[in-house]
Amino acid sequence: MTNPGTYELLNLAQRAGAQAAEHIRQSRYGKDLEIQTKSSPTDMVTMVDKETEGIIKEMLLGARPQDGFLGEESAEVTSNEITWVVDPIDGTTNFVYGFPVFAVSIAARDFSGATLVGLVVDVYHGDCFYATLGGGSFLNNRSIAVSNTNSLSQALVSTGFSYDKVTRVAQAKTLTHIIGEVRDIRRAGAASLDLCYLAAGRVDGYYEVGLWPWDYAAGTLIVREAGGVVGSLNSDQPSQEITVAGNTTIFKELRELLLTDGPSA
Ligand code: 2AM
Ligand code: CA
């Protein structure tokens, strides 16, 4: 059973997500995107990422000034209450190119670290994935569930690659061990949507190294509430080292395969 206060958080997240997505759509065309780079020459950030985070932060903290905020593009605000974990544009490279896989990701965490609400808006398609703790996962207003694929050899598995050259080459090596063991591989370019696609049964498994909490916070709750499992190699929590996800069987088989390859996956 979802706590009634959780629905208020979901409602606020939905309003912020919708406004953010609208801003991103309006900003995508007819404007200079003003691209800068961050950790490497391929790690881009645009003015739209920064503006959108500003819009979300203002809406969330305007409504709930006591809350904290952890976002990709601005200084952290700490709090003993709810903390909002936000990626204003997940899939920035796709956004810049107009490749239609980029999202707004918003999660609400309580002080114990439990995620109460997860919301991911697929900006291009206008789809909204969301979940509340104990309340199930939804795509728009339809309940979603992970697939029941029961063998890794039959699994469609998604992954992603780092902005860092050396890490990316190591990831490609790991992939040579994975690709022969699965149905096929997908690389869409937005971690939050990879997790949502898994939650909706659009893929059966997912793994990626180097993600940040704002990439996986909302998607992790959406996968779990859709009946799936998210963890890392040696823990039941996703981490920056690696995030692995699937239904119970695919998660276990994928993690075993990745364990034989070490943490450079
Ligand atoms: P971003 O678009 O917000 O940067 C790409 O595989 C996915 O991983 C995207 O969701 C991307 O988020 C995320 N990501 C986060 N940190 C990354 C990093 N250091 N290198 C590559 N992708 C990263
Ligand atoms: Ca981002």
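Everything quoted here is computed from the prediction, not taken from an experiment. Along the sequence shown, residues are numbered consecutively beginning with 1. All ligand and atom numbering here is 1-based and tracks the order in the structure.
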Closest protein heavy atom (residue, atom, distance) for [atom]:
| atom | result |
| --- | --- |
| atom 2 (O) of ligand 1 | Gly91 N, 2.7 Å |
| atom 15 (C) of ligand 1 | Asp215 OD2, 3.0 Å |
| atom 22 (N) of ligand 1 | Tyr163 CE1, 3.6 Å |

| Below 4.0 Å from any atom of ligand 1, is there a heavy atom belonging to Leu193? |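 Judged by the 4.0 Å heavy-atom criterion, Leu193 does not count as contacting ligand 1.
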| query | Contact between Ser162 and ligand 1, counting heavy atoms under 4.0 Å? | reply |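 Ser162: in contact with ligand 1 (<4.0 Å).
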Looking only at distances, please establish whether an N/O atom of ligand 1 is found under 3.5 Å from an N/O atom of [X].
| X | result |
| --- | --- |
| Ala190 | no |
| Glu72 | yes |
| Glu208 | yes |

At under 4.0 Å between heavy atoms, which part of [X] makes contact with ligand 1: side chain, backbone, both or neither?
| X | answer |
| --- | --- |
| Asn94 | neither |
| Asp90 | both |
| Trp212 | side chain |
| Asp87 | side chain |

| query | Checking Thr167 side chain against Tyr163 main chain: does a donor-acceptor pair fall under 3.5 Å? | reply |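 Between the backbone of Tyr163 and the side chain of Thr167 there is no qualifying donor-acceptor contact (under 3.5 Å).
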| task | Please check if the side chain of Arg187 supplies one atom and the backbone of Phe161 the other of a donor-acceptor pair under 3.5 Å. | result |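 Yes, because the side chain of Arg187 sits within donor-acceptor range (under 3.5 Å) of the backbone of Phe161.
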| field | Identity of the N, O or S atom of Asp87 lying closest to the Ca ion (ligand 2) | value |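 Of all N, O or S atoms in Asp87, the Ca ion (ligand 2) lies closest to OD1.
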| query | Relative to the Ca ion (ligand 2), which of the N, O or S atoms in Glu72 is the closest? | reply |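 Going by distance to the Ca ion (ligand 2), the closest N, O or S atom in Glu72 is OE1.
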Would you indicate whether the side-chain heavy atoms of [Y] and [X] approach each other to under 4.5 Å?
| X | Y | value |
| --- | --- | --- |
| Asp236 | Phe251 | no |
| Asn141 | Tyr130 | yes |
| Pro88 | Val104 | no |
| Arg186 | Leu156 | yes |
| Thr249 | Glu253 | yes |
| Phe69 | Thr83 | no |
| Glu181 | Leu257 | yes |
| Val244 | Tyr206 | no |

| message | Using the side chain to side chain donor-acceptor pair (under 3.5 Å) definition, which of the options Glu73, Gln36, Glu72 pairs with Lys50? | response |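 Exactly one pass, corresponding to Gln36.
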For ligand 1, which atoms, with element, lie under 4.0 Å from some heavy atom of [X]?
| X | answer |
| --- | --- |
| Leu211 | 8 (O), 13 (C) |
| Gly210 | 16 (N), 17 (C) |
| Arg187 | 5 (C), 6 (O) |
| Gly189 | 5 (C), 9 (C) |
| Ala191 | 7 (C), 9 (C), 10 (O) |
| Ile89 | 3 (O) |
| Phe161 | 6 (O), 21 (C), 22 (N) |
| Gly160 | 6 (O) |

| task | Consider only side-chain heavy atoms of I, L, V, M, F, W and Y, link residues closer than 4.5 Å, and tell whether Leu233 and Val182 are in one cluster. | result |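 Per the 4.5 Å side-chain linkage, Leu233 and Val182 are co-clustered.
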| task | For Thr159 and Glu208, test the side chains for any donor-to-acceptor distance below 3.5 angstrom and give the result as yes or no. | result |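 No, because no side-chain N or O of Thr159 sits under 3.5 Å from a partner of the opposite role on Glu208.
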| said: Using a 6.0 Å cut-off, check whether atom CG of Asn148 has over 12 heavy atoms from anything other than its own residue. | reply: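 Count not over threshold, so no.
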| Does Pro88 bring an N, O or S atom to within less than 3.0 Å of the Ca ion (ligand 2)? |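 Checking the Ca ion (ligand 2) against Pro88, no N, O or S atom falls under 3.0 Å.
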